[in-house]
There are 2 protein chains.
Amino acid sequence: MKLDDTDKKLLAILQEDSKTPIKDIASRLNLTKTPIYERIKRYEQEGIISKYVGVLDPSKLDTVMVVFCSVSLESQKLDALESFDKAVADIPEVVECYLMGGANDFLLKVVVKDLQAYHTFSSGKLAALPNVSQIKSTFVLNEVKRSTVIPIF
Amino acid sequence: MKLDDTDKKLLAILQEDSKTPIKDIASRLNLTKTPIYERIKRYEQEGIISKYVGVLDPSKLDTVMVVFCSVSLESQKLDALESFDKAVADIPEVVECYLMGGANDFLLKVVVKDLQAYHTFSSGKLAALPNVSQIKSTFVLNEVKRSTVIPIF
DNA sequence: CATGAAAAGAACGCAAC
DNA sequence: GTTGCGTTCTTTTCATG
């Protein structure tokens with residue numbers, strides 16, 4: 001869909017704070033409630049906004065450990081990639097998963113409780129998936145920035 | 001803070017869909033509105049829930065390209081790391097940034113419009129930051145899974 | 001797009017148990 | 001924790017210009 005200037009500003013606001021009342025958004029954008037309301041409904045219907053979520057602060061939770069791991073498969077055939085896709089979707093510890101260019105590896109962002117939980121996950125769940133040939137884990141020392149905002153220019 | 005079983009279920013729901021009405025949550029957890037409401041307010045006050053956001057579907061936006069890049073600094077001294085932290089926070093293309101174990105590199109998730117925009121960002125903004133010695137870019141071919149949920153066990 | 005009115009729903013506060 | 005009530009805010013719909 002084509003986004004005009006108002007769309008971009010509006011989506012930026014909703015990505016920052018989805019609880020901003022429509023009337024507040026309207027006054028910030030020098031419009032009235034009606035057009036704002038209709039645009040938001042359009043985003044939701046078209047799936048541009050896929051959902052509204054609460055974002056947790058991991059540092060406020062007792063023990064949360066974040067690990068990035070790059071996973072290589074034995075085969076780069078499409079069906080091997082797709083079966084890995086599906087398997088990963090059902091593993092809650094895998095928060096994000098991307099197929100990367102270059103070596104055709106997967107990059108996974110994994111959230112676990114502690115090092116022991118990571119070991120259980122890595123050797124038990126992840127290595128057990130079909131076609132997995134190599135796993136390289138790198139641990140996050142510090143979360144410098146984490147936002148869910150997709151910048152729209 | 002210590003989280004009981006109800007907290008975990010409640011946080012899971014809010015991470016999935018923050019617009020679920022309190023009365024619906026209450027009935028799902030076999031409780032009434034009051035305790036649900038009070039727990040949520042506590043999460044917000046203590047910062048466990050840091051914010052509520054709308055999540056966009058990048059595939060519905062014209063051109064969105066995701067790149068992971070690992071950035072090495074010339075110095076690993078604390079002030080060099082911290083000044084990089086601060087600089088990165090103000091760059092909208094950098095959606096996430098982590099200090100990684102091992103080689104003490106930073107891992108950045110970058111969202112741009114297209115390859116040309118990435119080049120502008122990488123050579124212009126990123127390489128221009130103080131102390132940056134090396135940048136390795138890997139492009140995302142396919143977004144297999146992306147959630148903002150922190151699994152709580 | 002603006003404006004205003006009206007109805008429905010949700011959040012919020014309070015009191016009593 | 002529950003139940004109930006009442007107020008306020010927001011969302012939602014609708015009609016007019």
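Predicted model, so just to flag it, every value in this text is computed and none were measured. Residue numbers start from 1 in every chain, and the chains themselves are labelled A, B, ... in the order their sequence lines are given, proteins ahead of strands.
- The CD atom of E38(A) sits 15 Å away from the P atom of dT11(D) (whole-angstrom rounding).
- Side-chain atoms of Y98(A) and E96(A) form a donor-acceptor pair, as typed in the model, at a separation below 3.5 Å.
- Here dC9(D) presents its C1' atom at 15 Å from CD1 of I25(A), a figure rounded to the nearest Å.
- If you take OH of Y52(A) and P of dT10(D), they are 16 Å apart, rounded to a whole angstrom.
- Remark: P of dG1(D) and CD1 of I40(B) are 13 Å apart, rounded to the nearest angstrom.
- Around the NZ atom of K113(A), the shell of radius 6.0 Å holds no more than 12 heavy atoms that belong to other residues, nucleotides or ligands.
- Side-chain polar atoms of E44(A) and Y52(A) form a donor-acceptor pair below 3.5 angstrom.
- Ring centroids of F106(A) and F84(A) are separated by less than 6.0 Å, placing the two rings close together.
- As rounded to whole Å, 11 Å separates atom P of dT3(C) from atom CG of N30(A).
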Contacts under 3.5 Å, N or O only, protein and nucleotides 10-12 of chain C:
residue: dA10(C); atom: OP2; partner: K23(B); partner atom: NZ; Å: 3.0
residue: dA11(C); atom: OP2; partner: I22(B); partner atom: N; Å: 3.0
residue: dC12(C); atom: OP2; partner: K41(B); partner atom: NZ; Å: 3.3
residue: dC12(C); atom: O5'; partner: Y37(B); partner atom: OH; Å: 3.0

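- One finds no salt bridge joining R28(A) and D24(A) here, because no Lys/Arg side-chain nitrogen approaches an Asp/Glu carboxylate oxygen to under 4.0 Å.
- Other residues, nucleotides and ligands contribute over 12 non-hydrogen atoms within 6.0 Å of the NZ atom of K8(B).
- D90(B) and K86(B) are not joined by a salt bridge, as no carboxylate oxygen comes within less than 4.0 angstrom of a charged side-chain nitrogen.
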Under-3.5 Å N/O pairs linking protein and nucleotides 15-17 of chain D:
none

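- Between the CD atom of Q45(A) and the C1' atom of dT12(D) there is a distance of 13 Å, given to the nearest Å.
- When every heavy atom of R39(A) is checked against every heavy atom of L10(A), the shortest pair comes out as CB-CD2, 3.7 Å.
- Checked against a 6.0 Å centroid threshold, the rings of F68(B) and F139(B) do not count as neighbours.
- Between E93(A) and K125(A), at least one side-chain nitrogen of the basic residue sits less than 4.0 Å from a carboxylate oxygen of the acidic one, meeting the salt-bridge criterion.
- In the region residues 3-10 of chain A, proximity to DNA chain C at under 4.0 angstrom, judged on heavy atoms, holds for none of the residues.
- Ion pairing between R146(A) and E143(A) holds under the 4.0 Å rule for side-chain N and carboxylate O.
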